[in-house]
Every structure is written in structure tokens, then in C-alpha cells.
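Structure record follows, encoded as C-alpha cells.
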Amino acid sequence: MTAAHDTRRSIVLIGLMGAGKSNLGRRLAKRVDLPFTDTDDEVVKAAGCSIEDIFELYGEAAFRDTEHRVITRLLEDGPKILATGGGAFIDSRTRAKIGEWGISVWLRADLDVLVRRTRRRGGRPLLKNRDSRATLERLMSERYPVYAEADIVVDTGAEKPDAMVERVIGALAALREPGRRTGEVRP
Ligand code: S3P
């Protein structure tokens with residue numbers, strides 16, 4: 001089988017909380033036979049405490065430093081599918097590393113999808129004790145222009161996950177065509 005992408009690079013899923021990065025990442029990893037890693041899980045392991053505790057005890061800046069170190073290590077450690085935390089690509093240091101070592105795929109979702117999906121799982125300090133719709137709306141306006149720098153943009157929400165996996169694979173293959181640097185994929 002021809003590789004769907006440049007096999008030396010990791011495929012790095014980016015996007016807001018609730019975009020479905022981990023779910024899609026796991027399925028994509030199986031499909032292209034690469035290891036899957038969730039960078040939030042690795043940050044928790046490295047810090048020895050939960051993300052909520054890191055934010056509360058040490059603050060967001062310390063979380064971003066650990067996240068940057070962990071993502072750098074994972075990228076340098078060989079190709080894989082990485083699901084990143086929603087703020088990772090917003091940190092310019094981490095974004096530069098992802099640009100150097102990976103192919104970034106932005107899972108773009110609309111507000112209703114994000115609100116619905118983030119209700120399913122807690123443990124997100126940025127949404128704790130807040131109006132999550134208003135917070136997500138603000139984060140969309142702050143972050144979407146930065147996520148738009150991704151190599152590939154995929155709209156999520158309407159389709160079944162396995163159909164999305166195939167779309168991402170198609171976009172990765174298209175990226176290999178000479179002269180193609182960016183791709184936008186819609187259902
Ligand atoms: C964050 C998103 C979270 C986690 C942390 C901060 C963010 O990851 O990294 O709570 O800044 O958007 P998910 O996007 O996987 O929920």
C-alpha cells in the first residue's frame with residue numbers, strides 16, 4: 001500500500017476542546033498503522049497530577065511549558081498520530097515544532113457541536129465553573145485564525161468518524177502532490 005502521507009512526519013490533530021481529536025486520532029492511527037498518543041495524557045504522566053491540578057497549583061503558563069516539552073519529545077521520537085490539547089497549537093513555540101516535525105490537521109467544528117461534546121467529559125479547567133458556550137465562543141474567535149495555519153483543515157460534526165478518517169487520508173495523500181501545501185476538506 002502506498003503511504004497516504006510523508007511517513008517521516010507525525011500527523012498532529014489540532015482544534016478546540018470537543019472537536020473530536022482523540023476519537024478521530026485513535027481511528028486514524030489504526031487505519032494507517034501508526035502509534036497513537038494523546039498529548040494531554042502524556043502531560044499528566046510527566047507532571048504526576050491531573051490537568052485541573054496543574055492549572056490550579058502551578059497556573060496555565062506552567063501547563064504550556066510542560067505541554068511544549070512533552071510534544072517536542074513525542075515529535076522527535078518518531079512518526080505517530082498525535083491528538084493535542086486545544087491550546088497546544090496556539091503556543092508559538094509548540095506551533096513551530098509541529099511545523100518542523102509534523103503535518104497539522106485542524107478539526108474545525110461549529111459552536112453547537114463543541115458545546116454538546118464538551119458536556120460529555122469534565123476535567124477541562126478552562127470550562128470549569130464558567131458559561132461554556134460563551135467561553136468556547138470566545139476561544140473560537142481567538143484561536144480559529146491561528147488554527148487556520150494548519151496544513152489541512154477538516155470540517156467535523158456532520159459525518160461519522162470513519163468517513164472522516166477516509167477524508168483525512170485523502171487530504172494527506174493530496175498534500176504529497178507536488179506544489180500542494182495546504183488543503184481544505186469538506187464533507
Ligand atoms: C485546553 C484543552 C484541553 C487541555 C487543557 C487546555 C485548551 O485539551 O489541554 O484543559 O487550552 O484548549 P482538549 O482539547 O483535549 O480538551
Side-chain angles (χ1 to χ4, degrees), residues 10-29 35-75 80-98 102-157 161 164-165 168:
S10 287
I11 297 166
V12 185
L13 303 176
I14 66 166
L16 267 187
M17 298 170 270
K21 293 161 292 191
S22 303
N23 184 15
L24 186 90
R26 270 190 207 95
R27 291 166 190 264
L28 183 61
F36 169 77
T37 308
D38 185 310
T39 68
D40 281 342
D41 292 346
E42 294 297 314
V43 170
V44 167
K45 275 191 216 158
C49 61
S50 72
I51 290 178
E52 274 185 297
D53 285 347
I54 304 171
F55 269 71
E56 204 169 308
L57 297 171
Y58 309 107
E60 181 169 349
F63 173 80
R64 297 295 166 209
D65 286 346
T66 309
E67 184 177 52
H68 174 69
R69 276 199 305 277
V70 163
I71 291 178
T72 300
R73 168 174 58 76
L74 290 167
L75 287 168
K80 51 180 72 64
I81 308 292
L82 277 186
T84 61
F89 197 72
I90 305 305
D91 183 303
S92 57
R93 302 164 302 168
T94 306
R95 192 162 66 252
K97 276 286 167 198
I98 294 171
I103 299 170
S104 47
V105 179
W106 173 22
L107 303 189
R108 181 169 58 188
D110 68 28
L111 186 57
D112 286 338
V113 169
L114 298 173
V115 170
R116 196 173 66 239
R117 292 200 189 140
T118 49
R119 278 204 196 111
R120 291 186 206 149
R121 177 169 77 74
R124 291 180 167 116
L126 295 182
L127 300 180
K128 203 178 162 190
N129 304 327
R130 295 197 189 146
D131 174 344
S132 61
R133 172 172 281 272
T135 304
L136 285 164
E137 197 168 19
R138 175 179 54 78
L139 289 172
M140 280 175 84
S141 68
E142 287 169 10
R143 293 180 175 181
Y144 274 24
V146 183
Y147 293 149
E149 292 176 29
D151 296 310
I152 293 171
V153 183
V154 185
D155 281 313
T156 139
M164 270 191 63
V165 166
V168 171

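Atoms within each ligand, like the ligands themselves, are counted from 1 in listed order. Both backbone and side-chain heavy atoms feed into the values below; hydrogens, waters and symmetry mates do not. In this chain, residues are counted from 1 in sequence order.
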Using the salt bridge (Lys or Arg N to Asp or Glu O under 4.0 Å) rule, take Asp110 and Arg116 through it: C-alpha gap first, then chi angles, then the decisive distance, then the call. CA-CA 10 Å; Asp110 68 28; Arg116 196 173 66 239; over 6 Å; no
Output, in order, the C-alpha distance, side-chain angles, deciding distance and verdict of side chain to side chain contact (heavy atoms under 4.5 Å, CB included) for Leu127 and Leu136. CA-CA 8 Å; Leu127 300 180; Leu136 285 164; 4.1 Å; yes
Residues Leu16, Tyr147; criterion side chain to side chain contact (heavy atoms under 4.5 Å, CB included); working and verdict: CA-CA 9 Å; Leu16 267 187; Tyr147 293 149; 3.6 Å; yes
Stepwise side chain to side chain contact (heavy atoms under 4.5 Å, CB included) test for Ile152 and Val168: CA-CA 8 Å; Ile152 293 171; Val168 171; 5.7 Å; no
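Residue contacts with ligand 1, taken as heavy atom pairs separated by less than 4.0 Å, do not involve Glu60 at all. Contact annotation for Leu126 and ligand 1: only side-chain heavy atoms (C-beta onward) come within less than 4.0 Å of the ligand.
Applying the 4.0 Å criterion to heavy atoms of Arg64 picks out, from ligand 1, the atoms 6 (C), 7 (C), 11 (O). Residue contact check: Ile51 has heavy atoms under 4.0 Å from atoms 5 (C), 10 (O) of ligand 1. Taking every non-hydrogen atom of Arg124 and a distance limit under 4.0 Å, the qualifying atoms of ligand 1 come out as 16 (O). The Lys21 neighbourhood of ligand 1 comprises atoms 13 (P), 14 (O), 15 (O), with distances under 4.0 Å to a heavy atom of that residue.
Nearest protein heavy-atom contact of atom 2 (C) of ligand 1 is Gly86 N, 3.3 Å. Closest to atom 12 (O) of ligand 1 among all protein heavy atoms lies Arg143 NH1, 2.7 Å. Among protein heavy atoms, atom 9 (O) of ligand 1 sits closest to Asp40 OD1, 2.7 Å. Of the protein's non-hydrogen atoms, the one nearest atom 10 (O) of ligand 1 is Pro125 CD, 3.5 Å.
Using bins of under 30°, 30° to 60° and over 60° for the plane-to-plane angle, the ring pair Phe63/Phe55 lands in the tilted bin.
Considering both main-chain and side-chain atoms, Gly18 never comes within under 3.5 Å of ligand 1 through any nitrogen or oxygen pair.
Panel note: side chain Thr66, backbone Ala62; a donor-acceptor pair is recorded below 3.5 Å.
With values rounded to the nearest 0.5 angstrom, Arg143 atom CZ is found 8.0 Å from Arg138 atom CZ.
Remark: Arg93 CZ is packed, more than 12 non-hydrogen atoms of other residues, nucleotides or ligands lying under 6.0 Å away.
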